[in-house]
Amino acid sequence: MKVSPSVISCKLEILKEQILESVDAGADSFHIDIMDGNFVPNLTVGADFIRAIRKVTDITLEAHMMILDPEKYWKSFADSGADILYFHYETPFDFDSVHKRIKEMGKQIGMVINPDTPVDVLKNFLTRLDMVLIMSVYPGFSGQKFIESTPEKIRELKEIIDEIAPHVRIEVDGGVTDITGRLLKESGADIIVSASYIYGGNIRERIGILKNI
Ligand code: DX5
Ligand code: ZN
């Protein structure tokens with residue numbers, strides 16, 4: 001299982017240390033939660049934060065944009081060092097133009113769907129996506145409880161992906177622990193995001209557990 005720790009639960013005063021420890025423990029990428037206080041009721045970080053992390057590590061960086069106007073900001077996140085740009089289906093943006101420009105930059109594009117959004121909406125985009133991110137909590141905060149119907153949703157998506165776009169990887173975000181992670185693996189997830197589980201305990205041990213799930 002590939003593991004993408006979300007830095008939202010890192011301790012800011014020792015961020016660099018925790019990032020390097022996570023990389024050393026086998027993290028496959030880092031997940032950066034960008035919240036604007038509008039699309040979700042919380043505020044986090046922006047381009048400067050991505051640029052600072054990029055200086056510390058070469059690892060793949062994902063920008064999970066929980067913002068009302070991703071079209072206005074995605075380029076600054078890409079220029080700051082984000083390798084994967086995640087757009088929420090529920091926010092307005094011109095997919096064709098964004099897709100074209102991201103591919104011209106040699107970066108990857110992903111689409112995210114909220115718990116109440118059905119996987120069907122992804123069908124029109126799948127062949128042009130690199131990744132899909134399935135929310136297993138309502139976005140906005142770390143430390144929430146995993147929505148139990150998520151594995152079923154992943155199975156449904158996996159069937160569609162196998163049929164029309166087998167190159168697309170499935171990532172899942174929210175409430176991932178050693179227990180829910182196993183359910184996600186069984187249902188076909190390729191990558192799991194985890195914040196409070198990893199950074200609420202021994203980082204090395206917990207990344208190891210998730211990777212070997
Ligand atoms: C939720 C974020 C997630 C979240 C993960 O809005 O997109 O990345 O912070 O946190 P945990 O793993 O604690 O659910
Ligand atoms: Zn996220």
Side-chain angles (χ1 to χ4, degrees), residues 1-12 15 18-19 22 25 27-47 49-50 53 59-68 70 73-74 77 82-91 108-117 129-151 153-154 169-185 189-203 205-211 213:
M1 178 60 85
K2 292 209 181 317
V3 177
S4 191
S6 165
V7 295
I8 196 170
S9 290
C10 282
K11 291 192 176 77
L12 278 183
L15 179 62
Q18 293 199 324
I19 284 178
S22 306
D28 295 282
S29 54
F30 275 111
H31 182 91
I32 302 171
D33 287 307
I34 302 167
M35 306 185 187
D36 68 351
N38 283 299
F39 180 64
V40 289
N42 199 3
L43 272 174
T44 56
V45 296
F49 186 85
I50 297 176
I53 295 187
I59 203 168
T60 300
L61 299 180
E62 317 173 338
H64 176 190
M65 296 184 282
M66 288 163 275
I67 58 180
L68 270 187
Y73 295 101
W74 72 265
F77 302 146
D83 304 290
I84 302 173
L85 287 306
Y86 267 123
F87 292 77
H88 264 270
Y89 170 81
E90 298 83 3
T91 58
Q108 298 185 49
I109 180 167
M111 200 173 277
V112 196
I113 56 169
N114 274 339
D116 294 337
T117 304
L129 291 175
D130 297 293
M131 332 264 297
V132 166
L133 182 62
I134 300 290
M135 292 309 299
S136 39
V137 297
Y138 289 93
F141 301 92
S142 59
Q144 301 183 77
K145 195 176 168 297
F146 182 79
I147 295 171
E148 311 258 324
S149 56
T150 310
K153 202 170 176 181
I154 312 266
R169 284 165 299 154
I170 303 174
E171 181 165 335
V172 187
D173 186 11
V176 175
T177 63
D178 50 343
I179 295 158
T180 57
R182 201 157 296 129
L183 301 174
L184 293 171
K185 183 178 184 179
D190 301 298
I191 306 158
I192 43 182
V193 175
S194 172
S196 53
Y197 174 72
I198 291 177
Y199 296 105
N202 182 305
I203 297 174
E205 200 177 283
R206 293 202 169 175
I207 289 179
I209 290 171
L210 294 181
K211 280 188 73 78
I213 215 154

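Whatever order the structure lists them in is the order used to number ligands and atoms, beginning at 1. It should be emphasised that the depicted structure is a prediction, and the values quoted were computed from it without experimental measurement.
- Using cut-offs of 30° and 60° on the angle between ring planes, the pair H64 and Y86 is perpendicular.
- Polar contact check, P139 against ligand 1: no nitrogen or oxygen pair lies under 3.5 Å apart.
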**Prompt:** Run the side chain to side chain contact (heavy atoms under 4.5 Å, CB included) check on V193 and E171 step by step: do they pass?
**Reply:** CA-CA 7 Å; V193 175; E171 181 165 335; 3.0 Å; yes
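- Using a 4.0 Å cut-off to heavy atoms of M66, the atoms of ligand 1 that qualify are 6 (O), 7 (O).
- Taking a cut-off of under 4.0 Å to the non-hydrogen atoms of G143, the atoms of ligand 1 that pass are 11 (P), 13 (O), 14 (O).
- Contact detail for H88 and N114: the closest heavy-atom pair is CE1-OD1, 3.1 Å.
- Nearest N, O or S atom of H31 to the Zn ion (ligand 2): atom NE2.
- With 3.5 Å as the limit, one finds a donor-acceptor pair spanning the side chains of S29 and S4.
- A donor-acceptor contact shorter than 3.5 Å is absent between the side chain of D36 and the backbone of L43.
- Around atom 2 (C) of ligand 1, the closest heavy atom drawn from V112, T180, I198, D33 belongs to D33.
- Between D28 and K211 there is a salt bridge, since a side-chain N of the basic residue sits under 4.0 Å from a carboxylate O of the acidic one.
- Evaluated for a side chain to side chain contact (heavy atoms under 4.5 Å, CB included) with M131, the options I84, L85, I109, V112 yield exactly one hit, I84.
- In terms of polar-atom proximity, Y138 is not counted as a contact of ligand 1, lacking any N or O under 3.5 Å from an N or O of the ligand.
- At the top of the distance list for atom 14 (O) of ligand 1, counting protein heavy atoms only, stands G175 N, 2.8 Å.
- The residue from T117, I147, L184, I154 that alone fulfils the side chain to side chain contact (heavy atoms under 4.5 Å, CB included) condition with I134 is I154.
- Nearest protein neighbour of atom 6 (O) of ligand 1, counting heavy atoms only, is G140 N, 2.7 Å.
- Considering both main-chain and side-chain atoms, S196 comes within under 3.5 Å of ligand 1 through a nitrogen or oxygen pair.
- Near H64, the atoms of ligand 1 lying under 4.0 angstrom from a non-hydrogen atom of the residue are 7 (O).
- Put simply, the side chain of N42 gets close to the backbone of G140: a donor and an acceptor are under 3.5 Å apart.
- In the vicinity of F141, heavy-atom distances shorter than 4.0 Å reach the ligand 1 atoms 1 (C), 6 (O).
- For D33, the N/O/S atom at the shortest distance from the Zn ion (ligand 2) is named OD1.
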**Prompt:** Can you list the steps and then say if S22 with Y199 is a side chain to side chain donor-acceptor pair (under 3.5 Å)?
**Reply:** CA-CA 9 Å; S22 306; Y199 296 105; 2.8 Å; yes
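- Within D173, the N/O/S atom positioned nearest the Zn ion (ligand 2) carries the name OD2.
- Considering backbone and side-chain N/O of A195, one or more are found under 3.5 Å from N/O of ligand 1.
- When all heavy atoms are compared, the tightest approach of D33 to H31 is OD1-NE2, 2.9 Å.
- Distances below 4.0 Å separate heavy atoms of G174 from the following atoms of ligand 1: 14 (O).
- Closest to atom 5 (C) of ligand 1 among all protein heavy atoms lies D173 OD1, 3.6 Å.
- The ligand atoms of ligand 1 that sit less than 4.0 angstrom from a heavy atom of M135 are 7 (O).
- Counting the atoms of ligand 1 from 1 in the order shown, those under 4.0 Å from a heavy atom of S194 are 12 (O).
- Checked against the Zn ion (ligand 2), the N, O or S atom of H64 at the shortest distance is ND1.
- Q18 places a side-chain N or O within donor-acceptor distance of the main-chain N or O of K11, the cut-off being under 3.5 Å.
- Listed by number with element, the atoms of ligand 1 under 4.0 angstrom from any heavy atom of M35 are 6 (O).
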